[in-house]
Amino acid sequence: MSIARREFLKVVGGASVAGSLAGYGVNVGAATAAIPAFGFADDSVPMNAANLCPMPTRVSEAQAKYAKALDLSLSTASRQAIEAHKEDARSRIASMLGTSADELAIVRNTSEANNVIVQGMPLEEGDEVVLWDQNHPSNSVAWDVQAARDGATVRRFSIPTDTGSIDEVVDLFVGAIGEKTKVVSFTHISNITGFRTPAAEICAAIRARKDDIHIHIDGAQTWGAVDINLGAIECDSFSASAHKWFMGPREVGLLYVRERHIDSIWPNVVSVPWGQTEKDAPKGARKFDALGQRDDAAVAALADAAGFHEVMTPAGIEARSAMIANRLRTGLQDLDVNFVSSANPAFTSSIIILSAPRANARQLVGQVFDDSGIQTAGTGGLRMSPHVYNTEDHVDRVVAAVRKNRALLS
């Protein structure tokens, strides 16, 4: 057995897990081989998981199967059979996240999940919302809009790029809190710098400082990339999208709300399956995903995406993604280029961004694609976000393309 194959088996959890992955079309012959579970061509390889991921072919096929079944029959029995996959997905995802199914809402994306919290949070005049200044607009501007309506205030703070320790980051969060702070909301991993916040330590410190603060985490860049235990993190709410690192269906997302807060947060949309009165809410966090007619086939396919993660395991996925990202980071460091993303292992992620003039970003992304066949992004510079479907060959091709076009980085 080759060293590469042994390393891959170690990452995904051994031969038994690798054997199960064969059902998803995963080639475990070598760690460097592309995973044929995905349908992209070798001359158009995605390395932009921070924006959008391909689904495993088996998940795409499942979604198409569910859609076809509905087209063949829209009977109550047929629709209920498809809709049952939603509860299956909810239960399986809850198990992976270390929470209960009743605390999870299956919404449409992170933006919607964030806005359920923003608009549903009972703010009063004089309340303060504290935000990390690298939050996504749906977790930043949305708070400004809501605060203007409620008479609340918003305060932002920064984390310097040269921050050296977890304690320093935690101190910045605690230092931003005031006596009127009602909410602290931050991004788990920044899409514009790749900085990974120490969420569990932050939550623990905030609890010690002021226990009645609602802590919301935008997990768009962590769900499906990182082995997350929401019970251990102890945040009050958490949002994410399936179309990113979870490699699931589009327009399907996740909102976790801790049980003790479900009743106090207002839903943005009230529709079926609510009953005939305001007291007839669906059980638990399901009240937040009562959005009327959905793309039931896409929601059903979320269970199939969960199956991929169960087999590969969240820890195995995080390890393989990190292995590929670290190879990319090391290769780029050897080019002596300037990074936006941190090199401190305490804060690194699978989002790696090189500094580049904004005027050059589009051309740089295009040249890297032309020279490597790899899709990157111009967010914050030159952003590369590899995932489990990327290989050492993909990494080496990107590094060679960056070397060739390094003049565009300055």
Side-chain angles (χ1 to χ4, degrees), residues 50-51 105 107-161 163 169-197 199 202-203 205-206 209-210 212-223 235-241 244 251 253-258 261-262 264-270 288 291 340 351 353 358 379-380 383:
N51 178 246
V107 294
R108 288 174 289 200
N109 50 43
T110 311
S111 291
E112 181 169 67
N114 286 340
N115 275 273
V116 169
I117 300 302
V118 173
Q119 296 175 35
M121 178 66 59
L123 293 177
E124 299 177 356
E125 187 170 354
D127 286 342
E128 180 183 66
V129 178
V130 172
L131 307 176
W132 183 26
D133 65 2
Q134 290 188 32
N135 284 2
H136 185 271
S138 66
N139 192 28
S140 181
V141 180
W143 286 108
D144 292 324
V145 173
Q146 189 66 21
R149 187 167 74 178
D150 293 335
T153 60
V154 176
R155 188 198 313 184
R156 290 174 173 81
F157 70 98
S158 301
I159 301 175
T161 55
T163 300
V169 173
V170 171
D171 288 345
L172 288 169
F173 272 85
V174 173
I177 295 170
E179 289 304 314
K180 295 184 178 181
T181 302
K182 180 76 174 288
V183 179
V184 174
S185 191
F186 64 96
T187 302
H188 202 171
I189 293 177
S190 169
N191 69 307
I192 55 175
T193 64
F195 191 95
R196 176 173 173 170
T197 56
I202 290 167
C203 290
I206 292 173
R209 169 71 172 80
K210 197 170 184 282
D212 61 348
I213 290 175
H214 185 104
I215 305 171
H216 176 66
I217 299 177
D218 181 328
Q221 305 300 338
T222 44
W223 184 42
C235 59
D236 295 302
S237 52
F238 178 93
S239 58
S241 294
K244 296 183 187 291
E251 206 170 294
L254 180 77
L255 173 64
Y256 158 79
V257 180
R258 185 182 283 202
H261 295 293
I262 291 172
S264 64
I265 295 175
W266 295 92
N268 290 357
V269 176
V270 176
F288 302 119
L291 303 171
V340 172
I351 300 176
I353 306 173
R358 180 173 294 184
T379 304
R383 187 181 73 184

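For R383 (side chain) and N191 (main-chain N/O), a donor-acceptor pair under 3.5 Å exists by modelled atom type. Judged purely by atom type and a 3.5 angstrom limit, R155 uses its side chain to pair as donor or acceptor with the backbone of A176. Side-chain atoms of S237 never come within 3.5 Å of backbone atoms of Y256 as a donor-acceptor pair (strictly under, hydrogens ignored). Listed for the K182 side chain is a donor-acceptor partner under 3.5 Å among the backbone atoms of P122. Judged by distance alone, the side chain of D236 and the main-chain N or O of I215 form a donor-acceptor pair under 3.5 Å. Between the side chain of D127 and the backbone N or O of E124, at least one donor-acceptor pair lies under 3.5 Å. A donor-acceptor distance shorter than 3.5 angstrom exists from the side chain of S190 to the backbone of T193, with no hydrogens or angles considered.
Among the candidates N135, D218, T110, the single residue satisfying the side-chain hydrogen bond (donor to acceptor under 3.5 Å, both in side chains) test with T187 is N135. Tested against F186 for a ring-ring contact (aromatic ring centres under 6.0 Å, His included), the candidates W143, W132, F157, F173 yield a single pass: F173.
Minimum interatomic distance between L123 and V129 (heavy atoms only, all atoms of both residues): CD1-CG2, 4.0 Å. Among all heavy-atom pairs drawn from A105 and F288, the shortest one is CB-CB, 3.7 Å. Here the shortest heavy-atom pairing between V184 and I206 reads CG1-CD1, 3.9 Å. Taking every heavy atom of both residues into account, A113 and V107 meet most closely at CB-CG2, 3.9 Å. A pairwise comparison of heavy atoms in H188 and F238 identifies ND1-CE1, 4.2 Å as the closest pair. Here the closest non-hydrogen pair linking V118 and A142 is CG1-O, 3.3 Å.
A distance of 4.0 Å separates NE2 of H216 from CG of N114, quoted to the nearest 0.5 Å. The distance from atom NE2 of H214 to atom NE2 of H261, rounded to the nearest 0.5 Å, is 6.0 Å. The structure places CD of E112 at 9.0 Å from CG of L255, a figure rounded to the nearest 0.5 Å. The distance from the CG atom of N139 to the CD1 atom of I217 is 10.5 Å, given to the nearest 0.5 Å. For the atom pair CG (N115) and CG (N268), the distance works out to 6.5 Å, reported to the nearest 0.5 Å.
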Go through K180 and T153 one step at a time and tell me if the side-chain contact (heavy atoms from CB on, under 4.5 Å) criterion holds.
-> CA-CA 9 Å; K180 295 184 178 181; T153 60; over 6 Å; no
Evaluate side-chain contact (heavy atoms from CB on, under 4.5 Å) for V145 paired with Q119, printing each intermediate quantity in order.
-> CA-CA 9 Å; V145 173; Q119 296 175 35; over 6 Å; no
Using the side-chain contact (heavy atoms from CB on, under 4.5 Å) rule, take I117 and I265 through it: C-alpha gap first, then chi angles, then the decisive distance, then the call.
-> CA-CA 7 Å; I117 300 302; I265 295 175; 3.9 Å; yes
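Checked for salt-bridge contact, E179 and R209 meet the test: a charged N lies under 4.0 Å from a carboxylate O.
Side-chain contact annotation: S140 with R156, donor-acceptor N/O pair under 3.5 Å present. A donor-acceptor contact closer than 3.5 angstrom is absent between the side chains of N109 and S241.
Under the salt bridge (Lys or Arg N to Asp or Glu O under 4.0 Å) criterion, K210 pairs with D212, sequence neighbours left out.
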